[in-house]
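Before any comments, here is the structure.
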Amino acid sequence: MMDAARILSGDRRSLARGLSVIEDGGKDAIALLDQVWKQTGRARRLGITGPPGAGKSTLVAGLTTLLRAEGKTVGIIAVDPTSPFTGGALLGDRHRMTREASDDGVFLRSLASRGSLGGLSRAAPASLDLLDAAGFDVLILETVGVGQSEVEVAATADTVVVVLSPESGDAVQAMKAGLIEIADVLCVNKADRDGAAELIASLEAMLDLKENATWRPPAVATTGTESAAPLLEGIEKHANFLEGEDRLANRRRTGMAARLRALVASMIAERMLANSDEVLAAQAKAVEKAECSVLHAAERVVEEILG
Amino acid sequence: MSRAIRVLVAKAGLDGHDRGAKVVAQSLRDAGMEVIYTGLRQTPEMIVKAALEEDVDVVGLSLHSGAHMTLFPRVLELLREAGLDHVLLTGGGIIPEADRQALIEMGVGRLFGPGTPTSDLVDYISEEIAGRAKKGGRA
(Lines give C-alpha, C1' and ligand atoms only; values in the text may rest on other atoms or scores of the structure.)
Protein backbone atom coordinates (compact mmCIF):
# COMPACT_ATOMS: atom_id res chain seq x y z
CA MET A 1 0.00 0.00 0.00
CA MET A 2 1.35 3.35 -0.97
CA ASP A 3 2.13 5.86 1.71
CA ALA A 4 0.43 9.05 0.58
CA ALA A 5 2.01 11.11 3.35
CA ARG A 6 5.38 11.06 1.63
CA ILE A 7 3.83 12.19 -1.63
CA LEU A 8 2.03 15.03 0.12
CA SER A 9 5.26 16.09 1.81
CA GLY A 10 7.01 16.51 -1.54
CA ASP A 11 9.03 13.29 -1.87
CA ARG A 12 9.60 12.89 -5.62
CA ARG A 13 10.41 9.19 -5.64
CA SER A 14 7.14 8.41 -3.85
CA LEU A 15 5.30 10.66 -6.28
CA ALA A 16 6.77 8.78 -9.25
CA ARG A 17 5.82 5.44 -7.67
CA GLY A 18 2.37 6.81 -6.91
CA LEU A 19 1.91 7.78 -10.55
CA SER A 20 2.69 4.17 -11.51
CA VAL A 21 0.10 2.92 -9.03
CA ILE A 22 -2.46 5.26 -10.59
CA GLU A 23 -1.50 4.09 -14.06
CA ASP A 24 -1.85 0.42 -13.19
CA GLY A 25 -5.36 1.08 -11.91
CA GLY A 26 -7.29 -1.22 -9.61
CA LYS A 27 -7.81 -1.14 -5.86
CA ASP A 28 -4.41 0.36 -5.04
CA ALA A 29 -5.06 3.30 -7.33
CA ILE A 30 -8.44 3.90 -5.72
CA ALA A 31 -6.96 3.72 -2.21
CA LEU A 32 -4.19 6.14 -3.10
CA LEU A 33 -6.44 8.70 -4.74
CA ASP A 34 -8.77 8.53 -1.72
CA GLN A 35 -5.89 9.44 0.55
CA VAL A 36 -4.89 12.54 -1.41
CA TRP A 37 -8.26 13.70 -2.71
CA LYS A 38 -8.79 16.44 -0.13
CA GLN A 39 -5.47 18.01 -1.17
CA THR A 40 -6.48 18.43 -4.82
CA GLY A 41 -7.98 21.52 -6.42
CA ARG A 42 -5.30 24.04 -5.64
CA ALA A 43 -3.28 23.86 -8.87
CA ARG A 44 -4.25 25.58 -12.10
CA ARG A 45 -4.68 22.99 -14.87
CA LEU A 46 -3.82 23.64 -18.51
CA GLY A 47 -4.66 21.27 -21.35
CA ILE A 48 -2.53 21.54 -24.50
CA THR A 49 -3.88 19.61 -27.45
CA GLY A 50 -3.88 19.65 -31.24
CA PRO A 51 -2.84 17.61 -34.27
CA PRO A 52 0.57 15.92 -34.37
CA GLY A 53 3.41 18.10 -35.59
CA ALA A 54 1.90 21.40 -34.47
CA GLY A 55 4.75 21.97 -32.02
CA LYS A 56 2.99 21.32 -28.72
CA SER A 57 6.04 20.03 -26.87
CA THR A 58 8.11 23.06 -27.78
CA LEU A 59 5.32 25.34 -26.59
CA VAL A 60 4.99 23.42 -23.34
CA ALA A 61 8.72 23.89 -22.86
CA GLY A 62 8.35 27.64 -23.53
CA LEU A 63 5.41 27.99 -21.16
CA THR A 64 7.31 26.08 -18.49
CA THR A 65 10.29 28.44 -18.79
CA LEU A 66 8.03 31.48 -18.35
CA LEU A 67 6.13 29.95 -15.43
CA ARG A 68 9.37 29.01 -13.71
CA ALA A 69 10.59 32.58 -14.11
CA GLU A 70 7.44 33.60 -12.20
CA GLY A 71 8.53 31.30 -9.40
CA LYS A 72 5.87 28.67 -10.06
CA THR A 73 6.47 24.92 -9.93
CA VAL A 74 5.19 22.95 -12.90
CA GLY A 75 3.95 19.37 -13.19
CA ILE A 76 3.60 17.98 -16.71
CA ILE A 77 1.85 14.86 -17.99
CA ALA A 78 2.67 14.19 -21.65
CA VAL A 79 0.62 11.52 -23.40
CA ASP A 80 1.74 9.69 -26.54
CA PRO A 81 -0.06 6.92 -28.41
CA THR A 82 0.50 3.24 -27.69
CA SER A 83 0.95 1.27 -30.89
CA PRO A 84 -2.17 -0.85 -31.40
CA PHE A 85 0.00 -3.48 -33.10
CA THR A 86 2.87 -3.92 -30.69
CA GLY A 87 1.51 -2.51 -27.44
CA GLY A 88 4.67 -0.43 -27.13
CA ALA A 89 5.14 3.32 -27.24
CA LEU A 90 7.81 5.85 -28.04
CA LEU A 91 7.32 8.65 -25.53
CA GLY A 92 9.01 11.54 -27.21
CA ASP A 93 8.05 14.68 -25.34
CA ARG A 94 10.84 14.60 -22.78
CA HIS A 95 13.53 14.93 -25.39
CA ARG A 96 11.97 18.12 -26.72
CA MET A 97 12.27 19.86 -23.38
CA THR A 98 15.40 18.48 -21.83
CA ARG A 99 16.49 21.78 -20.32
CA GLU A 100 13.17 22.45 -18.63
CA ALA A 101 12.85 18.81 -17.56
CA SER A 102 16.15 19.00 -15.69
CA ASP A 103 14.88 21.89 -13.53
CA ASP A 104 14.06 20.79 -9.97
CA GLY A 105 10.94 22.91 -10.02
CA VAL A 106 9.56 20.82 -12.90
CA PHE A 107 8.26 17.24 -12.82
CA LEU A 108 7.63 15.56 -16.18
CA ARG A 109 5.93 12.20 -16.60
CA SER A 110 5.37 10.59 -19.99
CA LEU A 111 2.29 8.38 -20.34
CA ALA A 112 1.36 5.97 -23.11
CA SER A 113 -2.29 5.95 -24.06
CA ARG A 114 -2.35 2.17 -23.41
CA GLY A 115 -5.26 1.12 -25.55
CA SER A 116 -7.56 3.92 -24.58
CA LEU A 117 -9.63 4.45 -27.73
CA GLY A 118 -9.68 8.20 -27.43
CA GLY A 119 -5.94 8.54 -27.30
CA LEU A 120 -5.93 9.92 -23.77
CA SER A 121 -4.48 7.61 -21.19
CA ARG A 122 -7.25 6.71 -18.74
CA ALA A 123 -4.84 7.50 -15.97
CA ALA A 124 -4.08 11.03 -17.17
CA PRO A 125 -6.69 12.95 -15.14
CA ALA A 126 -5.88 11.00 -11.97
CA SER A 127 -2.18 11.61 -12.59
CA LEU A 128 -2.90 15.33 -12.62
CA ASP A 129 -4.75 14.90 -9.32
CA LEU A 130 -1.66 13.35 -7.77
CA LEU A 131 0.62 16.13 -9.02
CA ASP A 132 -1.93 18.62 -7.69
CA ALA A 133 -1.88 17.02 -4.24
CA ALA A 134 1.93 16.89 -4.32
CA GLY A 135 1.93 20.68 -4.44
CA PHE A 136 2.78 21.80 -7.97
CA ASP A 137 1.39 25.25 -8.78
CA VAL A 138 0.58 24.72 -12.45
CA LEU A 139 -0.21 21.44 -14.17
CA ILE A 140 0.07 20.91 -17.91
CA LEU A 141 -1.55 17.98 -19.71
CA GLU A 142 -0.18 17.59 -23.22
CA THR A 143 -1.87 15.23 -25.62
CA VAL A 144 -2.53 14.67 -29.31
CA GLY A 145 -6.07 15.71 -30.24
CA VAL A 146 -7.60 12.54 -31.63
CA GLY A 147 -10.81 10.67 -31.02
CA GLN A 148 -12.56 11.65 -27.84
CA SER A 149 -9.39 12.75 -26.12
CA GLU A 150 -10.02 16.44 -26.55
CA VAL A 151 -13.37 16.12 -24.83
CA GLU A 152 -11.65 14.38 -21.93
CA VAL A 153 -8.99 17.09 -21.81
CA ALA A 154 -11.72 19.74 -21.67
CA ALA A 155 -13.33 17.96 -18.72
CA THR A 156 -10.13 17.95 -16.71
CA ALA A 157 -8.43 21.25 -17.64
CA ASP A 158 -9.35 24.76 -16.51
CA THR A 159 -8.00 26.21 -19.76
CA VAL A 160 -7.73 24.25 -22.99
CA VAL A 161 -5.24 25.42 -25.58
CA VAL A 162 -5.60 24.05 -29.10
CA VAL A 163 -2.37 24.34 -31.05
CA LEU A 164 -2.54 24.45 -34.82
CA SER A 165 0.10 25.15 -37.41
CA PRO A 166 -0.21 26.28 -41.04
CA GLU A 167 0.75 22.72 -42.04
CA SER A 168 -1.84 20.99 -39.91
CA GLY A 169 -4.65 21.80 -42.30
CA ASP A 170 -7.06 24.64 -42.47
CA ALA A 171 -9.54 26.04 -40.00
CA VAL A 172 -12.39 24.00 -41.46
CA GLN A 173 -10.58 20.77 -40.69
CA ALA A 174 -9.96 21.97 -37.16
CA MET A 175 -13.63 22.70 -36.80
CA LYS A 176 -14.59 19.29 -38.13
CA ALA A 177 -12.30 17.68 -35.62
CA GLY A 178 -14.18 19.48 -32.86
CA LEU A 179 -11.04 21.25 -31.79
CA ILE A 180 -12.40 24.75 -32.08
CA GLU A 181 -15.37 23.92 -29.88
CA ILE A 182 -13.28 22.95 -26.91
CA ALA A 183 -10.62 25.64 -27.27
CA ASP A 184 -10.34 28.38 -24.67
CA VAL A 185 -7.25 29.68 -26.43
CA LEU A 186 -6.33 29.04 -30.06
CA CYS A 187 -2.64 29.04 -30.77
CA VAL A 188 -1.28 29.20 -34.30
CA ASN A 189 2.27 27.96 -33.94
CA LYS A 190 5.06 28.14 -36.55
CA ALA A 191 3.48 31.49 -37.35
CA ASP A 192 6.52 32.48 -39.39
CA ARG A 193 5.53 29.95 -42.05
CA ASP A 194 3.38 30.55 -45.12
CA GLY A 195 -0.32 30.35 -44.51
CA ALA A 196 -0.21 31.45 -40.88
CA ALA A 197 -1.98 34.76 -41.43
CA GLU A 198 -4.68 33.07 -43.49
CA LEU A 199 -5.21 30.42 -40.83
CA ILE A 200 -5.63 33.07 -38.13
CA ALA A 201 -8.05 35.01 -40.32
CA SER A 202 -10.21 31.96 -41.03
CA LEU A 203 -10.21 31.01 -37.34
CA GLU A 204 -11.38 34.51 -36.43
CA ALA A 205 -14.09 34.27 -39.07
CA MET A 206 -15.27 30.98 -37.61
CA LEU A 207 -15.34 32.42 -34.13
CA ASP A 208 -17.40 35.35 -35.43
CA LEU A 209 -20.11 32.85 -36.34
CA LYS A 210 -20.43 31.46 -32.82
CA GLU A 211 -23.49 32.99 -31.18
CA ASN A 212 -24.20 33.26 -27.49
CA ALA A 213 -20.62 32.71 -26.47
CA THR A 214 -19.60 34.45 -23.27
CA TRP A 215 -15.96 33.74 -23.99
CA ARG A 216 -14.31 34.34 -27.32
CA PRO A 217 -11.04 32.37 -27.48
CA PRO A 218 -8.15 34.64 -28.41
CA ALA A 219 -6.23 33.44 -31.47
CA VAL A 220 -2.55 33.96 -30.65
CA ALA A 221 0.48 33.49 -32.88
CA THR A 222 3.73 31.88 -31.76
CA THR A 223 6.81 30.74 -33.60
CA GLY A 224 8.02 28.12 -31.17
CA THR A 225 11.58 29.37 -31.37
CA GLU A 226 10.84 32.71 -29.75
CA SER A 227 9.16 33.12 -26.39
CA ALA A 228 5.79 31.54 -25.65
CA ALA A 229 4.71 34.85 -24.10
CA PRO A 230 1.79 35.48 -26.51
CA LEU A 231 0.37 32.09 -25.51
CA LEU A 232 0.83 32.72 -21.80
CA GLU A 233 -0.96 36.06 -22.20
CA GLY A 234 -3.92 34.30 -23.83
CA ILE A 235 -4.00 31.75 -21.01
CA GLU A 236 -3.91 34.49 -18.39
CA LYS A 237 -6.79 36.30 -20.08
CA HIS A 238 -8.83 33.13 -19.75
CA ALA A 239 -7.75 32.68 -16.14
CA ASN A 240 -8.98 36.20 -15.36
CA PHE A 241 -12.27 35.45 -17.08
CA LEU A 242 -12.72 32.31 -14.96
CA GLU A 243 -12.22 34.29 -11.79
CA GLY A 244 -15.49 36.10 -12.29
CA GLU A 245 -18.88 34.86 -11.09
CA ASP A 246 -17.90 31.37 -9.85
CA ARG A 247 -16.99 30.39 -13.39
CA LEU A 248 -14.03 28.27 -12.34
CA ALA A 249 -16.06 26.40 -9.74
CA ASN A 250 -18.88 25.79 -12.19
CA ARG A 251 -16.52 24.61 -14.88
CA ARG A 252 -14.83 22.19 -12.50
CA ARG A 253 -18.17 20.90 -11.25
CA THR A 254 -19.37 20.19 -14.79
CA GLY A 255 -16.05 18.66 -15.74
CA MET A 256 -16.00 16.36 -12.71
CA ALA A 257 -19.55 15.16 -13.44
CA ALA A 258 -18.51 14.33 -16.99
CA ARG A 259 -15.41 12.56 -15.74
CA LEU A 260 -17.41 10.48 -13.27
CA ARG A 261 -19.87 9.44 -15.93
CA ALA A 262 -17.11 8.50 -18.38
CA LEU A 263 -15.30 6.41 -15.75
CA VAL A 264 -18.50 4.59 -14.78
CA ALA A 265 -19.36 3.86 -18.42
CA SER A 266 -15.91 2.48 -19.05
CA MET A 267 -15.83 0.37 -15.87
CA ILE A 268 -19.28 -1.07 -16.49
CA ALA A 269 -18.29 -2.03 -20.02
CA GLU A 270 -15.13 -3.69 -18.75
CA ARG A 271 -16.87 -5.70 -16.07
CA MET A 272 -19.81 -6.68 -18.20
CA LEU A 273 -17.65 -7.80 -21.10
CA ALA A 274 -15.14 -9.62 -18.96
CA ASN A 275 -16.91 -12.98 -19.15
CA SER A 276 -18.90 -12.51 -22.31
CA ASP A 277 -16.73 -14.05 -24.99
CA GLU A 278 -18.98 -17.07 -25.48
CA VAL A 279 -22.18 -15.09 -25.68
CA LEU A 280 -20.61 -12.70 -28.15
CA ALA A 281 -19.25 -15.53 -30.29
CA ALA A 282 -22.65 -17.27 -30.34
CA GLN A 283 -24.46 -14.13 -31.42
CA ALA A 284 -21.82 -13.32 -34.03
CA LYS A 285 -22.57 -16.72 -35.56
CA ALA A 286 -26.28 -15.98 -35.57
CA VAL A 287 -25.61 -12.75 -37.46
CA GLU A 288 -23.42 -14.55 -39.98
CA LYS A 289 -26.13 -17.16 -40.55
CA ALA A 290 -28.54 -14.26 -41.08
CA GLU A 291 -30.76 -15.41 -38.23
CA CYS A 292 -31.02 -11.76 -37.21
CA SER A 293 -29.38 -8.42 -37.79
CA VAL A 294 -26.39 -7.27 -35.82
CA LEU A 295 -28.53 -4.70 -33.97
CA HIS A 296 -30.79 -7.47 -32.73
CA ALA A 297 -27.85 -9.65 -31.81
CA ALA A 298 -26.37 -6.83 -29.75
CA GLU A 299 -29.69 -6.43 -27.90
CA ARG A 300 -29.68 -10.14 -27.12
CA VAL A 301 -26.15 -10.03 -25.76
CA VAL A 302 -26.94 -7.06 -23.52
CA GLU A 303 -30.07 -8.71 -22.21
CA GLU A 304 -28.19 -11.88 -21.44
CA ILE A 305 -25.40 -9.98 -19.70
CA LEU A 306 -27.78 -7.87 -17.65
CA GLY A 307 -29.71 -11.04 -16.84
CA MET B 1 -4.05 -2.49 -18.67
CA SER B 2 -1.04 -4.62 -17.76
CA ARG B 3 2.15 -2.87 -16.94
CA ALA B 4 4.58 -2.53 -19.83
CA ILE B 5 8.34 -2.47 -19.27
CA ARG B 6 9.47 1.15 -19.16
CA VAL B 7 12.91 1.94 -20.56
CA LEU B 8 14.83 5.20 -20.55
CA VAL B 9 17.15 5.45 -23.55
CA ALA B 10 19.72 8.13 -22.94
CA LYS B 11 22.59 9.58 -24.89
CA ALA B 12 25.21 10.60 -22.39
CA GLY B 13 28.40 12.47 -23.05
CA LEU B 14 29.17 15.06 -25.64
CA ASP B 15 29.02 13.08 -28.86
CA GLY B 16 26.20 13.51 -31.32
CA HIS B 17 25.84 9.95 -32.66
CA ASP B 18 22.24 9.20 -31.87
CA ARG B 19 21.17 6.92 -34.69
CA GLY B 20 22.00 3.81 -32.69
CA ALA B 21 19.99 5.05 -29.75
CA LYS B 22 17.01 5.81 -31.98
CA VAL B 23 17.16 2.37 -33.61
CA VAL B 24 17.25 0.75 -30.17
CA ALA B 25 14.33 2.92 -28.99
CA GLN B 26 12.22 1.83 -31.94
CA SER B 27 13.04 -1.86 -31.51
CA LEU B 28 12.08 -1.75 -27.87
CA ARG B 29 8.82 -0.06 -28.80
CA ASP B 30 8.17 -2.72 -31.41
CA ALA B 31 8.72 -5.32 -28.70
CA GLY B 32 5.90 -3.79 -26.64
CA MET B 33 7.93 -1.63 -24.25
CA GLU B 34 7.31 1.99 -23.33
CA VAL B 35 10.43 3.92 -24.26
CA ILE B 36 11.36 7.37 -23.07
CA TYR B 37 14.08 8.78 -25.29
CA THR B 38 15.90 11.63 -23.63
CA GLY B 39 17.89 13.11 -26.47
CA LEU B 40 21.51 14.13 -26.71
CA ARG B 41 24.06 15.39 -24.20
CA GLN B 42 22.41 14.17 -21.07
CA THR B 43 24.36 14.56 -17.86
CA PRO B 44 24.21 11.76 -15.28
CA GLU B 45 22.06 14.05 -13.10
CA MET B 46 19.55 14.63 -15.91
CA ILE B 47 19.43 10.91 -16.68
CA VAL B 48 18.71 9.93 -13.09
CA LYS B 49 16.10 12.68 -12.64
CA ALA B 50 14.33 11.34 -15.73
CA ALA B 51 14.65 7.73 -14.54
CA LEU B 52 13.09 8.70 -11.22
CA GLU B 53 10.19 10.75 -12.60
CA GLU B 54 9.36 8.19 -15.27
CA ASP B 55 9.66 5.27 -12.80
CA VAL B 56 11.53 3.20 -15.35
CA ASP B 57 12.63 -0.40 -15.03
CA VAL B 58 15.69 0.03 -17.24
CA VAL B 59 18.16 2.77 -18.15
CA GLY B 60 19.98 2.19 -21.44
CA LEU B 61 22.99 4.42 -22.00
CA SER B 62 24.33 4.93 -25.46
CA LEU B 63 27.93 6.12 -25.45
CA HIS B 64 30.31 6.67 -28.32
CA SER B 65 32.62 9.18 -26.70
CA GLY B 66 34.92 6.86 -24.78
CA ALA B 67 33.78 8.25 -21.45
CA HIS B 68 32.09 5.03 -20.32
CA MET B 69 34.36 4.41 -17.33
CA THR B 70 33.30 7.71 -15.81
CA LEU B 71 29.72 7.95 -16.97
CA PHE B 72 28.42 4.44 -16.17
CA PRO B 73 29.71 4.40 -12.59
CA ARG B 74 28.46 7.95 -12.02
CA VAL B 75 24.96 7.07 -13.24
CA LEU B 76 25.03 3.91 -11.10
CA GLU B 77 26.02 5.94 -8.05
CA LEU B 78 23.29 8.52 -8.60
CA LEU B 79 20.67 5.81 -9.20
CA ARG B 80 21.56 4.25 -5.86
CA GLU B 81 21.51 7.62 -4.07
CA ALA B 82 18.05 8.26 -5.49
CA GLY B 83 16.72 4.96 -4.15
CA LEU B 84 16.60 3.41 -7.60
CA ASP B 85 18.68 0.29 -6.87
CA HIS B 86 16.20 -1.92 -8.68
CA VAL B 87 16.73 -0.17 -12.03
CA LEU B 88 18.70 -2.22 -14.57
CA LEU B 89 21.54 -0.15 -16.03
CA THR B 90 22.55 -1.40 -19.45
CA GLY B 91 23.77 0.15 -22.65
CA GLY B 92 26.05 0.05 -25.57
CA GLY B 93 28.47 1.73 -27.88
CA ILE B 94 32.19 1.32 -28.26
CA ILE B 95 33.21 -0.34 -24.99
CA PRO B 96 36.28 -2.64 -24.83
CA GLU B 97 35.76 -6.08 -23.27
CA ALA B 98 38.05 -5.44 -20.29
CA ASP B 99 36.12 -2.30 -19.41
CA ARG B 100 32.82 -4.16 -19.77
CA GLN B 101 33.96 -6.70 -17.20
CA ALA B 102 34.98 -3.97 -14.79
CA LEU B 103 31.62 -2.29 -15.17
CA ILE B 104 29.70 -5.55 -14.68
CA GLU B 105 31.60 -6.06 -11.44
CA MET B 106 30.44 -2.63 -10.29
CA GLY B 107 26.83 -3.59 -10.84
CA VAL B 108 26.18 -2.46 -14.39
CA GLY B 109 24.24 -4.97 -16.50
CA ARG B 110 25.27 -6.55 -19.79
CA LEU B 111 26.65 -4.16 -22.38
CA PHE B 112 26.14 -4.45 -26.11
CA GLY B 113 28.60 -3.58 -28.87
CA PRO B 114 27.75 -2.08 -32.25
CA GLY B 115 26.13 -4.53 -34.64
CA THR B 116 24.42 -6.54 -31.90
CA PRO B 117 21.01 -7.62 -33.15
CA THR B 118 18.40 -5.54 -31.36
CA SER B 119 16.55 -8.77 -30.53
CA ASP B 120 19.43 -9.63 -28.15
CA LEU B 121 18.80 -6.47 -26.20
CA VAL B 122 15.05 -7.04 -26.19
CA ASP B 123 15.49 -10.61 -24.90
CA TYR B 124 18.01 -9.55 -22.26
CA ILE B 125 15.75 -6.83 -20.88
CA SER B 126 12.63 -9.02 -20.94
CA GLU B 127 14.36 -11.87 -19.11
CA GLU B 128 16.05 -9.63 -16.55
CA ILE B 129 12.86 -7.78 -15.68
CA ALA B 130 10.81 -10.98 -15.51
CA GLY B 131 13.44 -12.40 -13.17
CA ARG B 132 13.33 -9.35 -10.91
CA ALA B 133 9.53 -9.38 -10.82
CA LYS B 134 9.61 -12.96 -9.56
CA LYS B 135 11.91 -11.89 -6.75
CA GLY B 136 9.45 -9.12 -5.90
CA GLY B 137 11.91 -6.62 -7.23
CA ARG B 138 9.97 -3.48 -7.99
CA ALA B 139 10.66 -1.15 -5.04
Side-chain angles (χ1 to χ4, degrees), chain A residues 6 11-26 29 57 61 75-116 121-123 127 131 134 266 270, chain B residues 1-12 18 21-59 62 78-87 118 122 125-126 133 138-139:
Chain A
R6 290 170 69 172
D11 178 56
R12 297 290 179 89
R13 167 100 187 96
S14 301
L15 173 57
R17 284 295 303 132
L19 287 169
S20 299
V21 168
I22 295 288
E23 231 191 329
D24 292 344
S57 294
I76 306 168
I77 300 286
V79 186
D80 271 320
T82 294
S83 160
F85 305 112
T86 67
L90 200 48
L91 307 176
D93 301 274
R94 193 160 202 118
H95 110 265
R96 291 209 179 81
M97 47 177 110
T98 86
R99 195 175 50 84
E100 293 75 16
S102 62
D103 179 341
D104 275 337
V106 176
F107 189 105
L108 169 59
R109 178 67 170 243
S110 310
L111 291 191
S113 62
R114 288 196 183 172
S116 161
S121 156
R122 196 209 259 187
S127 302
L131 289 172
S266 149
E270 236 172 66
Chain B
M1 260 207 319
S2 64
R3 185 162 169 79
I5 297 177
R6 282 172 69 91
V7 183
L8 186 76
V9 172
K11 275 288 308 170
D18 65 351
K22 285 182 178 167
V23 166
V24 163
Q26 279 166 10
S27 318
L28 296 178
R29 188 248 341 247
D30 291 343
M33 303 184 192
E34 291 176 357
V35 185
I36 296 107
Y37 174 65
T38 63
L40 297 169
R41 287 178 286 277
Q42 299 290 297
T43 64
E45 289 75 13
M46 290 161 85
I47 291 168
V48 173
K49 183 177 195 277
L52 184 144
E53 290 176 4
E54 303 285 4
D55 196 22
V56 299
D57 303 295
V58 183
V59 170
S62 170
L78 290 175
L79 282 172
R80 286 176 179 161
E81 273 172 31
L84 299 175
D85 302 65
H86 65 284
V87 173
T118 49
V122 169
I125 290 176
S126 306
R138 199 166 276 144

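Letters A, B, ... are given to chains in the order of the sequence lines, protein chains preceding strands, and every chain is numbered from 1.
- Residues B/Leu40 and A/His95 fail the side-chain proximity criterion, which asks for heavy atoms closer than 4.5 Å.
- Considering only heavy atoms from C-beta on, A/Leu91 stays 4.5 Å or farther from B/Glu54 through its side chain.
- Heavy-atom minimum distance, B/Arg6 versus A/Ser110: NH2-O, 3.0 Å.
- When heavy atoms are compared at a cutoff of 4.5 Å, B/Ala50 approaches chain A by way of both its backbone and its side chain.
- Contact record, A/Arg94 with B/Glu53: NH2-OE1, 2.8 Å, taken as the closest heavy-atom pair.
- For chain B, the nearby parts of A/Asp104 are the backbone and the side chain; heavy atoms of each come within less than 4.5 Å.
- The minimum heavy-atom distance between B/Met46 and A/Ser102, with the atom names listed, is CG-CB, 3.6 Å.
- For the set B/Arg41, B/Glu45, B/Met33, the entry with the most heavy-atom pairs within less than 4.5 Å of chain A is B/Met33.
- Around the CZ atom of A/Arg6, the shell of radius 6.0 Å holds no more than 12 heavy atoms that belong to other residues, nucleotides or ligands.
- For chain B, the option among A/Glu270, A/Met97, A/Arg109, A/Arg96 with the highest count of heavy-atom pairs below 4.5 Å is A/Arg109.
- For the atom pair A/Asp80 CG and B/Glu34 CD, the distance stands at 10.5 Å (nearest 0.5 Å).
- Without hydrogens or angle criteria, B/Lys49 side chain to A/Asp103 main chain gives a donor-acceptor distance under 3.5 Å.
- With B/Thr38 contributing its side chain and A/Thr98 its backbone, the two residues share no donor-acceptor pair below 3.5 Å.
- A donor-acceptor pair shorter than 3.5 Å can be found between the side chains of A/Ser20 and B/Asp55.
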